Amino acid sequence: QVQLVESGGGLVQAGGSLRLSCAASGRSFDNYAMGWFRQAPGKEREYVAGIRWSGEVTYYADSVKGRFTISRDGAKNTVYLQMNSLKPEDTAVYSCAADQIPYRTYVATEEYAYNYWGRGTQVTVSS
């Protein structure tokens, strides 16, 4: 059974940092891009960051560019999201997802490009 399990969320003050992890099991995602999305209460889910299957290309939403860093460890089948300089507007449930097409040449930002999803981890940033 393929699973993506997020961890590392929590409550942090504005300006603080958190590191989210997304551990995959049931299969390897080495050949697939991975992405992070978030959904705040009452809002649509939005793209946050993605990393190409090869790891050398990343893409970020403008709202997190320069503050968040996505990375992956193939040996651990895990993707990370380092979040620095957190703001109250970053409060949301963060979910990781795996692209459905192997070796995609670009990092997709659309939800429909991803077919495996984790259940999410809550990130709350207090002002």
Side-chain angles (χ1 to χ4, degrees):
Q1 181 183 1
V2 177
Q3 279 191 313
L4 299 178
V5 179
E6 303 91 340
S7 61
L11 173 64
V12 64
Q13 287 190 328
S17 298
L18 284 174
R19 188 195 194 202
L20 305 184
S21 298
C22 170
S25 61
R27 56 169 281 189
S28 170
F29 287 98
D30 282 357
N31 302 326
Y32 295 80
M34 300 293 291
W36 284 95
F37 292 77
R38 68 185 181 186
Q39 187 168 21
K43 294 189 176 181
E44 297 283 324
R45 185 160 56 186
E46 64 175 358
Y47 173 85
V48 176
I51 186 166
R52 194 168 176 244
W53 62 271
S54 54
E56 89 283 15
V57 176
T58 56
Y59 190 81
Y60 299 92
D62 287 343
S63 57
V64 306
K65 201 172 295 183
R67 301 187 298 121
F68 290 12
T69 302
I70 186 171
S71 61
R72 64 190 303 164
D73 185 334
K76 296 182 178 180
N77 216 16
T78 299
V79 178
Y80 304 96
L81 185 67
Q82 177 67 45
M83 306 186 297
N84 299 328
S85 302
L86 282 161
K87 305 175 181 179
E89 51 264 44
D90 294 319
T91 295
V93 175
Y94 285 71
S95 301
C96 67
D99 198 329
Q100 60 181 307
I101 296 179
Y103 305 111
R104 194 189 294 269
T105 57
Y106 61 94
V107 178
T109 61
E110 303 85 357
E111 289 186 40
Y112 63 76
Y114 297 82
N115 64 340
Y116 286 109
W117 291 82
R119 298 182 67 175
T121 185
Q122 176 70 46
V123 171
T124 303
V125 184
S126 63
S127 57

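The analysis underlying the following values was restricted to heavy atoms, covering all of them including side chains, and did not include hydrogens, waters or symmetry mates. Bear in mind the structure is a predicted one, so any value in this text is a computation, not a measurement. Throughout, residue positions are numbered sequentially from 1 according to the sequence presented.
- Annotation: ring-ring contact (aromatic ring centres under 6.0 Å, His included) contacts involving residues 108-127, sequence neighbours excluded, comprise Phe29-Tyr116, Phe37-Tyr114, Phe37-Trp117.
- Distance alone, capped at 3.5 Å, is enough to place a donor-acceptor pair between the Arg67 side chain and the Ser63 backbone.
- Inter-residue side-chain proximity for Met83 and Asp90 is flagged as unmet; no heavy-atom pair is nearer than 4.5 Å.
- Counting only residues at least two apart or on different chains, no disulfide (SG to SG under 2.5 Å) pair has a member in residues 97-127.
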* Run the side chain to side chain contact (heavy atoms under 4.5 Å, CB included) check on Tyr94 and Glu6 step by step: do they pass? -> CA-CA 8 Å; Tyr94 285 71; Glu6 303 91 340; over 6 Å; no

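- Not one N or O on the side chain of Arg27 forms a donor-acceptor pair closer than 3.5 Å with the backbone of Val2.
- Within a 6.0 Å sphere centred on NZ of Lys65, other residues, nucleotides and ligands contribute more than 12 heavy atoms.
- Proximity of a side-chain donor or acceptor of Arg38 to a complementary backbone N or O of Glu46 within less than 3.5 Å is not detected.
- Using bins of under 30°, 30° to 60° and over 60° for the plane-to-plane angle, the ring pair Tyr59/Tyr47 lands in the tilted bin.
- A distance-only check finds a donor-acceptor pair linking the side chain of Arg72 to the backbone of Arg52 [under 3.5 Å].
- Thr91 contributes a side-chain N or O that, together with a main-chain N or O of Val125, makes up a donor-acceptor pair within less than 3.5 Å.
- Counting only residues at least two apart or in different chains, disulfide (SG to SG under 2.5 Å) contacts with residues 22-77 comprise Cys22-Cys96.
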